[in-house]
Amino acid sequence: MSTRIAEFLLSVGAVKLQPRDPFTWTSGIKSPIYCDNRMLYGHPEARNIVVQELANRVKSLHVPADAIAGTATAAIGWGALVADRLNLPFCYVRAKAKEHGAKKRIEGDIKKESHVVLVEDLLSTGGSAISSVEALRTEANATVSDVVAIFTYEFIAAREAAMEGKVMLHPLTTISVLLQAAQDQNRISAEEAQMVLQFVRDPQKWGG
């Protein structure tokens with residue numbers, strides 16, 4: 001199923017590979033890959049399978065989930081769809097606290113001390129996921145031990161962040177699987193795939 005998810009990402013244009021004409025991320029990093037999983041929302045077959053696989057991953061965890069959380073804004077839709085599929089409460093976590101009202105990051109009604117599974121659309125450095133996990137732990141006094149995501153760049157930074165944040169990452173598919181699928185479909189050459197892997201190993205220096 002990991003390969004099928006990767007094929008969906010490629011076919012709908014959610015992931016674009018341009019090792020010879022790199023993208024510039026908001027951070028300024030030059031990247032041979034760009035990911036926008038929101039493209040999947042417009043393709044019902046792919047969307048349905050992704051939601052079901054995310055739900056399956058949640059159900060397979062060692063501790064049953066009491067609630068689902070999504071990161072704002074990209075994973076609000078995915079988290080809500082998964083929560084609906086599993087008939088569980090849902091909340092989402094803001095990137096930062098509101099400057100007015102209750103000044104909270106968590107939006108939704110989650111019982112204190114619930115076991116919450118966080119849904120992410122994309123794992124890059126893992127920073128937003130771990131920040132959301134910490135918000136759930138502090139604001140909702142929740143237990144959060146798992147992050148379920150659609151796709152990961154497999155950056156070392158994400159693994160390190162997960163270890164420090166004491167969570168397990170569960171992506172449906174990875175850059176390694178996607179690169180193989182892209183080669184099988186003749187979207188990129190083996191040489192170009194190696195260029196992308198070099199970026200994954202050292203994203204800061206790759207564009208230089």
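The chain is numbered in sequence order, starting from 1. Values below: every heavy atom of this structure, side chains too, minus hydrogens, waters and symmetry copies.
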Should Val116 and Leu118 be counted in the same cluster of Ile, Leu, Val, Met, Phe, Trp and Tyr side chains packed under 4.5 Å apart? yes
Interatomic spacing from NZ in Lys16 to CD in Gln18 - rounded to 0.5 Å: 8.0 Å
Minimum-distance pair of heavy atoms, taken over all atoms of Arg94 and Lys104: CD-O, 3.7 Å
Set out, in order, the CA-CA distance, both residues' side-chain angles and the distance that settles salt bridge (Lys or Arg N to Asp or Glu O under 4.0 Å) for Arg137 and Glu134, then state yes or no. CA-CA 5 Å; Arg137 287 171 176 168; Glu134 292 300 333; 3.2 Å; yes
Carefully, step by step, assess Asn56 and Met1 under the rule side-chain contact (heavy atoms from CB on, under 4.5 Å). CA-CA 12 Å; Asn56 288 344; Met1 185 54 74; over 6 Å; no
Heavy-atom side-chain contact between Ile175 and Phe151 under 4.5 Å: yes
Indicate, with yes or no, if the rings of Tyr34 and Trp25 have centres closer together than 6.0 Å. no
Minimum side-chain heavy-atom gap Val133-Lys166 below 4.5 Å: no
Between the main-chain N or O of Leu172 and the side-chain N or O of Ser2, is there a donor-acceptor pair closer than 3.5 Å? yes
Grouping I, L, V, M, F, W and Y whenever their side-chain heavy atoms are under 4.5 Å apart, do Leu169 and Val144 come out in a common cluster? yes
Report yes if some heavy atom in the side chain of Glu113 is under 4.5 Å from a heavy atom in the side chain of Thr143; otherwise report no. no
At their closest point, which heavy atom of Ile68 faces which heavy atom of Gly79, and how far apart are they? CG2-O, 3.6 Å
Report the distance from atom CG of Leu123 to atom OG of Ser128, rounding to the nearest 0.5 Å. 7.5 Å
So Ser11 and His43, side-chain contact (heavy atoms from CB on, under 4.5 Å) or not? Walk me through it. CA-CA 10 Å; Ser11 65; His43 300 266; over 6 Å; no
Going by an N to O cut-off under 4.0 Å, is there a salt bridge joining Glu191 and Arg20? yes
Whether the Gln180 and Asp184 side chains hold a donor-acceptor pair (N or O, under 3.5 Å, no angle test) is what I'd like checked. yes
Could you check whether any side-chain N or O of Arg47 sits under 3.5 Å from a backbone N or O of Leu40, counting only pairs where one atom can act as donor and the other as acceptor? no
Do Val167 and Val82 share a hydrophobic cluster (ILVMFWY, side-chain heavy atoms under 4.5 Å, transitive)? no
Identify which one of Leu178, Ile188, Ile5 satisfies the side-chain contact (heavy atoms from CB on, under 4.5 Å) criterion when paired with Leu10. Leu178
Run the numbers on Ile49 and Arg4 for side-chain contact (heavy atoms from CB on, under 4.5 Å), then give the verdict. CA-CA 9 Å; Ile49 289 173; Arg4 191 176 184 193; 3.4 Å; yes
Within-4.5 Å side-chain heavy-atom neighbours: Val58 and Arg85: no
On a heavy-atom basis, the closest approach of Ala181 and Glu7 is CB-CG, 4.2 Å
What one should report as the nearest heavy-atom pair of Pro19 and Val196 is CB-CG2, 4.3 Å
Let me check something: do Val50 and Phe90 share a hydrophobic cluster, defined by ILVMFWY side-chain heavy atoms less than 4.5 Å apart, either directly or through other members? yes
What distance do Ile150 atom CD1 and Arg38 atom CZ have between them, rounded to the nearest 0.5 Å? 11.0 Å
Short N-O contact, Glu120 and Arg57, less than 4.0 angstrom: no
Arg187 and Leu17, any side-chain heavy atoms less than 4.5 Å apart: no
Tell me the closest heavy-atom pair linking Gly108 and Cys91, and the distance in Å. CA-CB, 4.1 Å
Spell out, as yes or no, whether a donor-acceptor pair under 3.5 Å connects the side chain of Asn37 to the backbone of Asp121. yes
Measure centre to centre between the rings of Tyr153 and Trp206, then say whether the value is under 6.0 Å. no
For residues Ala135 and Val93, report the shortest heavy-atom separation together with the two atoms involved. CB-CG1, 3.9 Å
Where do Trp78 and Val51 land on the side-chain contact (heavy atoms from CB on, under 4.5 Å) test, with the steps shown first? CA-CA 7 Å; Trp78 297 114; Val51 171; 3.8 Å; yes
Euclidean distance, Leu81 CG relative to Ile76 CD1, rounded to 0.5 Å: 12.0 Å
Measuring from atom CD of Glu154 to atom OG1 of Thr173, what distance do you get when rounded to the nearest 0.5 angstrom? 8.5 Å
Beyond-backbone contact of Lys96 with Ser131, side-chain heavy atoms, under 4.5 angstrom: no
Counting only N and O atoms by type, is there a donor-acceptor contact under 3.5 Å from the side chain of Lys112 to the main-chain atoms of Glu139? yes
Single-linkage hydrophobic cluster, 4.5 Å side-chain cutoff, Val119 and Phe8 together: yes
Straight-line distance of Ser31 OG to Phe199 CZ, nearest 0.5 Å: 3.5 Å
Report yes or no: do Asn48 and Gln52 form a side-chain donor-acceptor pair below 3.5 Å? no
